**Q** 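The structure that follows is given in the form of structure tokens.
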Amino acid sequence: MSWAEEVIDLKEKKYITIFSKRKKVELDICSILYIMMDRDKAEIHASGNRVYETWISLSTLEKLLGDEFIMVRRGCLASAMAIHWIIQFGRKNS
């Protein structure tokens with residue numbers, strides 16, 4: 001079994017399966033805010049202040065997550081949906 005499996009589409013929600021701290025974790029792609037890379041270790045930051053560490057390459061993550069994530073700088077992927085939400089929230093509060 002690889003460190004990350006294919007994206008699973010359950011009732012229109014997309015999930016990725018990773019291993020973090022030796023446990024199998026299914027993450028809803030919509031809950032992922034951003035991902036920071038430290039060599040081949042990824043820190044996946046999700047809503048609710050959750051952080052998952054997993055040994056997976058950036059190129060593999062890009063393939064699994066698709067166009068819903070943007071490379072904002074070297075070694076950092078951000079959710080396009082989260083960026084859009086921040087922009088909209090900022091406009092309402094200014």
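Because the structure is predicted, anything quoted here is derived from the model rather than measured. Residue numbers count from 1 along this sequence.
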**Q** Any side-chain heavy atom of Leu65 sitting closer than 4.5 Å to one from Ile32?
**A**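 Leu65 reaches Ile32 side chain to side chain.
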
**Q** Could you tell me which residues satisfy side-chain contact (heavy atoms from CB on, under 4.5 Å) with Met71, sequence neighbours excluded, listed by chain and number?
**A**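 By the side-chain contact (heavy atoms from CB on, under 4.5 Å) rule, Met71 matches Leu58, Glu62, Leu77.
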
**Q** Would you confirm whether Ser31, through its side chain, and Ser47, through its main-chain N or O, come within 3.5 Å as a donor-acceptor pair?
**A**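 No; zero donor-acceptor contacts below 3.5 Å.
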
**Q** Given the rule in the side chain to side chain contact (heavy atoms under 4.5 Å, CB included) test, do Glu26 and Ile16 qualify, once you have shown the distances and angles that lead to the verdict?
**A** CA-CA 6 Å; Glu26 283 191 2; Ile16 60 169; over 6 Å; no

**Q** Supply the atom-to-atom distance His45 NE2 to Tyr52 OH, rounded to the nearest 0.5 angstrom.
**A**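 So the NE2 of His45 and the OH of Tyr52 are separated by 12.0 Å.
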
**Q** Do the side chains of Val51 and Ile44 get nearer than 4.5 Å, heavy atoms only?
**A**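 Result no, sub-4.5 Å side-chain heavy-atom pair not found.
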
**Q** Is there a side-chain contact between Val25 and Ser20, using heavy atoms and a 4.5 Å cut-off?
**A**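 A side-chain contact under 4.5 Å exists here.
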
**Q** Drop me the distance from Ile56's CD1 to Leu64's CG, to the nearest 0.5 angstrom.
**A**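 Those atoms lie 5.5 Å apart.
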
**Q** Is Met37 close to Cys76 at the side-chain level, that is, under 4.5 Å between some pair of heavy atoms?
**A**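 Answer no - side chains too far apart.
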
**Q** What residue pairs, at least two apart or across chains, pass side-chain hydrogen bond (donor to acceptor under 3.5 Å, both in side chains) with a residue in residues 65-76?
**A**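 Counting only pairs at least two positions apart or across chains, the side-chain hydrogen bond (donor to acceptor under 3.5 Å, both in side chains) contacts touching residues 65-76 are Lys14-Glu68.
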
**Q** Please report the C-alpha distance between Leu61 and Ile35 in whole Å, then the side-chain angles of each, then the deciding distance to 0.1 Å, and finally whether the side chain to side chain contact (heavy atoms under 4.5 Å, CB included) criterion is met.
**A** CA-CA 9 Å; Leu61 281 169; Ile35 300 166; 3.8 Å; yes

**Q** I need the full list of ring-ring contact (aromatic ring centres under 6.0 Å, His included) pairs touching residues 59-85, with sequence neighbours left out, sorted by first then second residue.
**A**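 Only Trp85-Phe89 qualify under ring-ring contact (aromatic ring centres under 6.0 Å, His included).
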
**Q** Is there a donor-acceptor pair under 3.5 Å between the side chain of Ser79 and the backbone N or O of Met81?
**A**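 Between the backbone of Met81 and the side chain of Ser79 there is a qualifying donor-acceptor contact (under 3.5 Å).
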
**Q** Check whether any side-chain heavy atom of Ile29 lies under 4.5 Å from a side-chain heavy atom of Tyr15, and answer yes or no.
**A**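 No. Closest side-chain heavy atoms not under 4.5 Å.
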
**Q** For Met36, which fellow cluster members are found when Ile, Leu, Val, Met, Phe, Trp and Tyr are connected by side-chain heavy-atom distances below 4.5 angstrom, either directly or through intermediates?
**A**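 Under the 4.5 Å side-chain rule, Met36 groups with Leu33, Tyr34.
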
**Q** Identify, with sequence neighbours excluded, every residue that meets salt bridge (charged side-chain N to carboxylate O under 4.0 Å, His left out) alongside Asp28.
**A**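 So Asp28 forms a salt bridge (charged side-chain N to carboxylate O under 4.0 Å, His left out) with Lys13.
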
**Q** Under the side-chain contact (heavy atoms from CB on, under 4.5 Å) rule, collect the residues that match up with Ile83, sequence neighbours excluded.
**A**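 For Ile83 the side-chain contact (heavy atoms from CB on, under 4.5 Å) partners, ignoring immediate neighbours, are Ile70, Val72, Ala78, Ile87.
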
